[in-house]
Every structure is written in C-alpha cells, then in structure tokens.
2 protein chains.
Amino acid sequence: MELTELETFLKAAGDGSRLKILQQLTSGPVCVCDLTPLVGLTQPAVSQHLKRLKDAGIVTGEKRGRWTFWSLDQLHPLHDIMVGLLSRVPAPGRTVADLEAAGEKGCCGV
Amino acid sequence: MELTELETFLKAAGDGSRLKILQQLTSGPVCVCDLTPLVGLTQPAVSQHLKRLKDAGIVTGEKRGRWTFWSLDQLHPLHDIMVGLLSRVPAPGRTVADLEAAGEKGCCGV
DNA sequence: ATATCATATAAGCATTGACTTATGCATCTG
DNA sequence: CAGATGCATAAGTCAATGCTTATATGATAT
C-alpha cells in the first residue's frame, strides 16, 4: 500500500460527520435520508460526505429503486482496521435502529 | 475513546508529510534537522507538523542540549494501530539511516 | 402525464490547512 | 562575550474543505 493511499484513507475518515456515518454503516446498509437526521446536516451535505468516502473506496452505494443504500466496502484493504477503530467509540445517541424503535419510520421504510 | 478524539488522531495522521515523519519515527527518536531533508520542506514547516502531531498526542519531543528529539508516544491509545498502518507502507527512498550510511552525517551528529 | 420523492451535483461562501519568509529564543562554541 | 546553531513561533498567502441554497436527474405514485 502506497503512502498516498493511506493518506487518502485517513483524510476521508478524519471528519466527525463522516465518522458518524461510518459508525452507522457498521450496522448495515443505510440510505441517505436515514443518515441525514443522524449527523444533523442537510441532505446534500450527507451526499457529499458519502461521495468523499466512496472516492476513497471506504463505502459503496447500491441503487435500489428510489434509494441508494450505502455500506462499508469490505474490499477496502483497511476495512477491518476501520471497523476496529469505530468499535472503540461509543455508539451515537440515536442510531437508525433507535429512530425506528421510537416509531419514527425510516424514509425508505426498511 | 470519544469520537472527537478519534477524529483528531485521523486528522493529524492524514497528511503525506506527517506520515513520512511518523514513518521515520518508527525507527527511533530523530531531531528536526534530520527530518527536514527527508520530507523536503523547510524547517519551520517540519516544526509545525511536529506540533500538530504533538497536540494530537501522537508524538513527544524531548529537549536534549540544542536539539529536540521526537519520538512516537507509546502512551497514545492508538499507538499500536499507527505503527501497524505505517508498516503497510514501503520505506521511503531515503531514511535517516540511509543518509548516514551515505556519509551525510546527521546535523545532531547521532 | 404530472407530481412527488430520494439523491446527486453546482455554485457560492467561510473556515481551516499547509506552506513560505521573517524573527525570537535558547544553547553551544570559539 | 560574540557568533553560530537548532528550533519554535508569527504573519501572510493560497489551496482545500465543509457547509449552505438552488437545481438537475431519475424512479415511483396518482
């Protein structure tokens, strides 16, 4: 692995909002509209973060109907390390699962 | 470990010049004047990178005479992970050891 | 077909970041 | 002591980043 590749990975992961997104993705695929309330940003902001993560090869997006479901890309050479790092951080206040448990149905109804 | 702490770590490590510095530090303490030719920047630039790394708790500097010797801080909670990441990257073209082997004595004469 | 919904992209703006040169401050050396 | 050396800090510049609002695209629903 080249130094610039490691740099790209670290730069992409080194952002609070993106870390929140990645943390949520460790629980499985999520669509943008479910991530938006989680990170407290507008939808375009979340999409841009996802693009950054995608360009770094950390996540992949699968279009299904109207929605794009984002997941951690398990093929990334540092995937396991990323998951390991995220596991050290306490779960966020409100995960997508929490929102659903509270009756606040996710936008994509999954 | 809090999310912001992880973010600080990733931001500090997510820079090519700083990665080169960290890579060199895995071989032991080095002074600024030896790092400067290695990263190809001016001395103030290197000092500023070191400050950034120090503020993140990744490195420590020990003043000895005229020189400051910088090392990886083994007390950092992510020290081992950092070393693991750096080990994935091929060694730079010219390490401090190489410079010395070529007869180019380090500035601090160590 | 028309409207709606989920998402992506574009443009603009404020902030941060990474450098440079210039300078200050210790510490050694002659 | 005077000068040189190693390093840190200050100030200024330019590019990159993270947001916003506005808009385009494409799929679904009516």
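A, B, ... follow the sequence lines: proteins, then strands. Residue 1 opens every chain.
The shortest side-chain heavy-atom distance between C108(B) and D34(B) falls under the 4.5 Å cut-off. Side-chain contact between R52(A) and R18(A) is present, with at least one heavy-atom pair separated by less than 4.5 Å. The shortest distance between side-chain heavy atoms of D73(B) and V59(B) does not fall below 4.5 Å.
Comparing dC19(D), dT28(D), dT20(C) by their closest approach to the side chain of S17(A) singles out dC19(D). When distances are taken from the side chain of V32(B) to each of dT20(C), dA8(C), dA8(D), the shortest belongs to dA8(D). When distances are taken from the side chain of R66(B) to each of dT5(D), dT20(C), dA8(D), the shortest belongs to dT5(D). Closest to the side chain of K51(B), from the set dT9(D), dC5(C), dA8(C), is dT9(D). The side chain of C107(B) lies closest to dG6(D) when the candidates are dG6(D), dA6(C), dA8(C). Which of dA18(C), dT7(C), dT9(D) sits closest to the side chain of Q43(A) comes down to dT7(C). Out of dG6(D), dA6(C), dT9(C), the shortest distance to the side chain of C33(B) is found at dG6(D).
Here dA8(D) presents its C1' atom at 15 Å from CG of L53(B), a figure rounded to the nearest Å. As a whole-Å value, the separation of D55(B) CG from dA8(D) C1' is 13 Å. One interatomic measurement links the two molecules: CH2 of W67(A) to C1' of dG26(D), which rounds to 13 Å at whole-angstrom precision. With rounding to whole Å, D15(A) atom CG is found 11 Å from dT17(D) atom P. We find that NZ of K11(B) is positioned 11 Å from P of dT16(C), with the value rounded to whole Å. Put simply, CZ on F69(A) is 11 Å from P on dA6(C), counting in whole angstrom units. Rounded to whole Å, the distance from CG on L41(B) to P on dA8(D) is 15 Å. Distance CD (E62(A)) to P (dA6(C)): 18 Å, rounded to an integer number of Å.
Of all non-hydrogen atoms in C31(A) and F69(A), the two that sit nearest each other are N-CD2, 4.2 Å.
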For this session: Please report the C-alpha distance between L6(B) and E2(B) in whole Å, then the side-chain angles of each, then the deciding distance to 0.1 Å, and finally whether the side chain to side chain contact (heavy atoms under 4.5 Å, CB included) criterion is met.
Result: CA-CA 7 Å; L6(B) 176 57; E2(B) 289 305 317; over 6 Å; no
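Using a 4.0 Å cut-off, some side-chain N or O of T42(B) falls inside it from OP1 or OP2 of dT20(C). Contact between the side-chain N/O atoms of R64(B) and the OP1/OP2 oxygens of dG6(D) is not found at any separation under 4.0 Å.
With hydrogens and angles left out, the side chain of Q48(B) and the base of dT20(C) share a donor-acceptor pair within 3.5 Å.
Within 4.0 Å (heavy atoms only), T68(A) reaches sugar-phosphate atoms of the nucleic acid but no base atom. Among the heavy atoms of the strands lying under 4.0 Å from R18(A) are primed sugar atoms or P, OP1, OP2 only; no base atom is included.
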